[in-house]
Each structure stands twice: as structure tokens, then as C-alpha cells.
Amino acid sequence: MPAFGFYHPALMIDLKHLRDNPEHYKLGAARKASNVDIDRLLTLDAQKRQSMTEMENLRAQQRVIEKEAGPQIGKLAGAIKKADGAEKAKLEAELEALKAKPAALKSQIQQHDERLAALEPEINALLLQVPLPPDADVPVGKGSEDNVEIRRWAPSWFDPSKAFEANKGFKAKSHIDLVSTLKLADFERGVKLGGTRHYLLTGDGMRLQQAVLRFAFDTMIEKHGFTPVYVPVIVREETMIGTGFFPQGREQAYHIEESKRGGGHDAFLTGTGEVGLMGIHMNEILDESSFPLKYCTVSTCFRREAGAAGKDTAGLYRIHQFEKVEQVVITRADEAESRDWHKKMISYVEGLLQALELPYRLLQCCTGDLGPKNADMVDIECWMPSRGTGGEYGETHSASRLYDYQCRRLNIRYRSGDKGTVVCHSLNNTVAASPRILIPILEMYQNIDGTVTVPKVLRPYMGGKEKIG
RNA sequence: GGUGGGGUGGCAGAGCGGUUGAAUGCGCCAGACUUGAAAUCUGGUUGUGGCAACAGUCACACGGGGGUUCGAAUCCCCCCCCCACCGCCA
């Protein structure tokens, strides 16, 4: 593996493709409500290439002169040491003349070099902001309100089109009430320790979380053949940029300013295990025969929730720290294969939710709801009886299809016989995020007497326990 | 935290001011031999970018950035990373 080097700026997006298809990228940016100035980027890029071509020609001249003059300079310098008087002065003049030739070129080269240095920061900043255009089959829309439902599923014993009470014969309590009476979580002490949006999970609350995570993790490893990995959650900025979370998502991540303490480098806390998993092969050239790489991790996730002030302030829905089982697939650059994996990764989650017997629906996210790095995204939402009035679906999973956008930034490639080195494709999807997933579990499995039945598949992870409370 | 040693092509590992984009070995690809395979032999095999895009051609890159020099993988400065030993420690 190469030692850590900064990503190559040209690897941020496929610049060649952008030059050939500017309208495609402009339309893509517009549909994602990005205001990146692609025309400006193209202008600067053209200037840069022109300057580069001129500079390279000068360099080539310089190299020719060097090869001719170099040995002569060496000889003259030797002769000067031995000579004296008029002879010495003459030789010195010759030497100066020889040296002057490449020196003239050098100053011209330097001018181009300075021009390039002046252009590059703006070009790079623009390049980093160009989003991956959404796929043509992604519905155009402004935000989450324009997302399109794909399908629903519910266990035979629950019909989400009817109220909870009609299904179960009593009024649903919210998970906030349930965790309070059953002593599964402690918000006051969480806030005392960590501030707003912090919490403790206690007793069977903690145990239930461990059970879901372990069930989800084991399913991915044992049933679907994913490779289990434990990854850093404290990473360098390059990793955040490479995975596509920065620069746009910078405000969302906790920043550890180690450089201000005089040592090392700054670090950021990751908001998802995806960062660690995708970072594994940063700056590597992989063997095509190793594909697909299927990684799964469980990690603590940190999110500042900047811009979400006042939203979902109560309960376990939106918090700063949580646990998540995440799946990631890296594969060869093939659209059909990418699409196929996307479907598979979603089906793994459906299998899991069906095993847990939680009603859910699949949402095709519209263009306005996609992040910069997604060509396509499908959200999975679980039914949460206490949300809104009479229950609502709430997001619990998100499955992204990224083409080569992320691998390009991370510089992850493979050798392909006829096409040389090729940038890989990557995909990711949540497997289970807790405690958010505890909301539908607790609320759906609550009983009229205030107890909560433990879902069958989780009982082996709860010491056989069937009921909480 | 202290002291010392290092970062070179897919991997291992030479080179330590000029013709070295880089020896050698491994791996990989093609060919020869073979009924086939192995072994052996021969040749090929870094990446990125610009221009042309059939072939090609030019430039840049020896952790990253800057400097010295006519010329740097080789010398100097800053940064990042790794390793060894000591100290501390979940």
C-alpha cells in the first residue's frame, strides 16, 4: 500500500467526462439544488490546460538544452580551476553564456507555474463541490416531500393503514413513555453528562440495543457473507473529503482540533461506519478478482445535528451519538452490477425488518433529497405509532448508489485488462441504527399492561427473555 | 513523552548530485518447450495529466510541500506517516 499521500485533485470527479458533457452536470447540479458554478470551472480548466501545454513545451526545450550543455558545463568548470589569467576569464565568460540559455527558459516556466498555482485553489474548490448527477430514472423533486413510495410491508398482525388502537385494542404509548416507566433510558442524566440530545440506555434498554445490533451484524456476516471489520471513528480530514462527506457536510461533524494543541493533525468524528469502511482501501489499486468487497461494521456514530435545532428534540429519534451496523460494497465499474447490488443490499434490510416483524415502506428519494455523492438513494422507513398524529413512518435506513464518485475521491481503483486502471463503484446501506430502531420495536411490541414483548429473533440475544417489564 | 532508524513501481528491495522512470527478485501478461500442467527459457509489465486520439507524443511524479543547482530519488527546510527501544498507561 502506498504511504499516505493526498488524493489527486483530478480524481474528485471525472473531469474529462464533465468537459464532454457539461449540460449533464449542470442539470444534475440544478436538480440537486447545488449552486456550483460549472461554467466558471470549465473556463478555469481551459485556462489551466492552455498554460500547462505551453509550460510543458518549454520544459521539453529546457531538457534538451540541459542534456547538451550539462556535460560541457562540467568540463568548463573543471578547466577553470586549472587555468589562470586571461585564459580563465575567457572560460568563465563561456560558462556564463552556457548557463544563461536554460536560465531564460526557467523564468518563463516559472511564470506559467505561478499562473497555474493561482488557478488551482479555485479549480479544486469547485471540483469538490460538483455533485454526482442523479440518474435519469430518479424522480425530480425539491425535497423529502417529493419522494415516491415504492412499496410497503407489514406483518399479518398489524395494518398500518389503521390506527394502532384499531389494531391492538388499546392506545399506543410513545417510546418516551415506555422507556421512562420501564427504566430503559435516562434522558435527564444523559443531558447532565453530555448536554442536549444525549441519553443513557439502562438495563433492558441497553440490552435490547445490543441484541438488535448483534442480530443485524450476525445476519450480515453469517447469512450474507460480509466481512466483519472494526474501523476508526476518529479520522483525518482527507478521509472525510474522500468519502464525500466534506466539504458540504463539514458542519455536521465534530471537529477535534489537535493542531491547536500543538501536535499532530486535526481529526473528525465519523457520523457513520461508512467512512471507516470506505477508507480501508483509500489510495489502493485492487485486484479485480477480489470483487465484490463486502464489508460490515458496527460503530459509534457522531452527529452535531447542526441546523436541526428544535426538530425531534424529545426521545431517541435525533441524538448526537448512536450505534450503527453499516454495510458497504465495492465492486467493478459496471452500472448493471451496481444496480444489482443496490437491490440486494436493500433486500438484506427487508429480510431483517421482516424477521423483526416491523412494518416498513421503501421510498425512492427524489433528486432534491439526494446528497452530493448519490446517483440514487432509497430510504427505508419503519412505522412508528407515536410519530405525528396516529403514527407515521420514520426513516431508519438509507441505501445509496454512488457509481465511482466516492472511489474516485478516495482513489480506489483496480486493473482491468483492456482499460488499464479503472475507478471502482461503491454502495452503502444501513443495516440497523440504534437507538432509533428501538422506537418502532418498543412501540409496536408494547402490550396493554405497559410491558413490551421481546421480538422472537432477539430473544437469543436477551438470555431467552420474552418480555420487558 | 524521550532517543534512534526509515518512507522508492502490484509486493519485496537497490540506488544516495548528471545518460535512473528507476537495478535485482517475486507477482502478473504473452510466446517457446510440453498431450496438458508444473518447471525452464524469451519478451513484456508504474501511475497521472496535456495534445492527438488508430498508432502515438510530450510533461510531471521515488510520502507531501517548498528550496539550493545548468541538472535532485539523491543536498537543505517544513509537514505527514511508519518502525525499534525506553518511560507512562485502558
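Residue numbers start from 1 in every chain, and the chains themselves are labelled A, B, ... in the order their sequence lines are given, proteins ahead of strands.
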Who does [N] pair with, Watson-Crick or G-U, both distances under 3.5 Å?
N	answer
rU45(B)	rG27(B)
rA38(B)	none
rG56(B)	rC51(B)
rC16(B)	none
rC85(B)	rG2(B)

Between [N] and [M], how far is it from one [atom1] atom to the other, in whole Å?
N	M	atom1	answer
rA32(B)	rA38(B)	P	14 Å
rA53(B)	rA61(B)	P	28 Å
rC28(B)	rC83(B)	P	29 Å

Discussion item. Pick the closest RNA chain B nucleotide for M55(A) and for R19(A) by heavy atoms, then say which residue is nearer the 5' end.
Written reply: R19(A)
[X], nearest nucleotide to its side chain (from [options]):
X	options	result
T421(A)	rA59(B), rG47(B), rG50(B)	rG47(B)
A60(A)	rG47(B), rC81(B), rA59(B)	rA59(B)
R59(A)	rC81(B), rG47(B), rA59(B)	rA59(B)
E56(A)	rG47(B), rC51(B), rC58(B)	rC58(B)

So, is [X] near the phosphate of [N], with a side-chain N or O under 4.0 Å from OP1 or OP2?
X	N	answer
T53(A)	rA59(B)	no
R49(A)	rC51(B)	yes
R413(A)	rG10(B)	no

Item to complete: Check whether NZ of the Lys or CZ of the Arg K373(A) lies under 6.0 Å from the centre of the six-membered ring of F245(A) and within 45 degrees of that ring's axis.
Response: yes
Practice prompt. Flag this pair as yes if the NZ/CZ of R236(A) is under 6.0 angstrom from the six-membered ring centre of F268(A) and inside a 45 degree cone about the axis; otherwise no.
Written response: no
Practice prompt. Rounded off to whole Å, could you give me the CG-to-C1' distance for the N283(A) and rC82(B) pair?
Written response: 16 Å
Discussion item. Using whole Å, what does the distance between atom P of nucleotide rG66(B) and atom CG of D113(A) come to?
Written reply: 8 Å
Discussion item. Any heavy-atom pair between the side chains of K344(A) and V329(A) that's under 4.5 Å?
Written reply: no
Discussion item. So I468(A) and Y445(A), do their side chains get closer than 4.5 Å, heavy atoms only?
Written reply: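 No. Closest side-chain heavy atoms not under 4.5 Å.
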Worksheet item: What orientation do F291(A) and Y414(A) show, parallel under 30°, tilted 30 to 60°, or perpendicular over 60°?
Response: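 Correct class here is perpendicular.
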Practice prompt. Mind checking K16(A) for me? I need base, sugar-phosphate or nothing, with any heavy atom below 4.0 Å counting as a touch.
Written response: sugar-phosphate
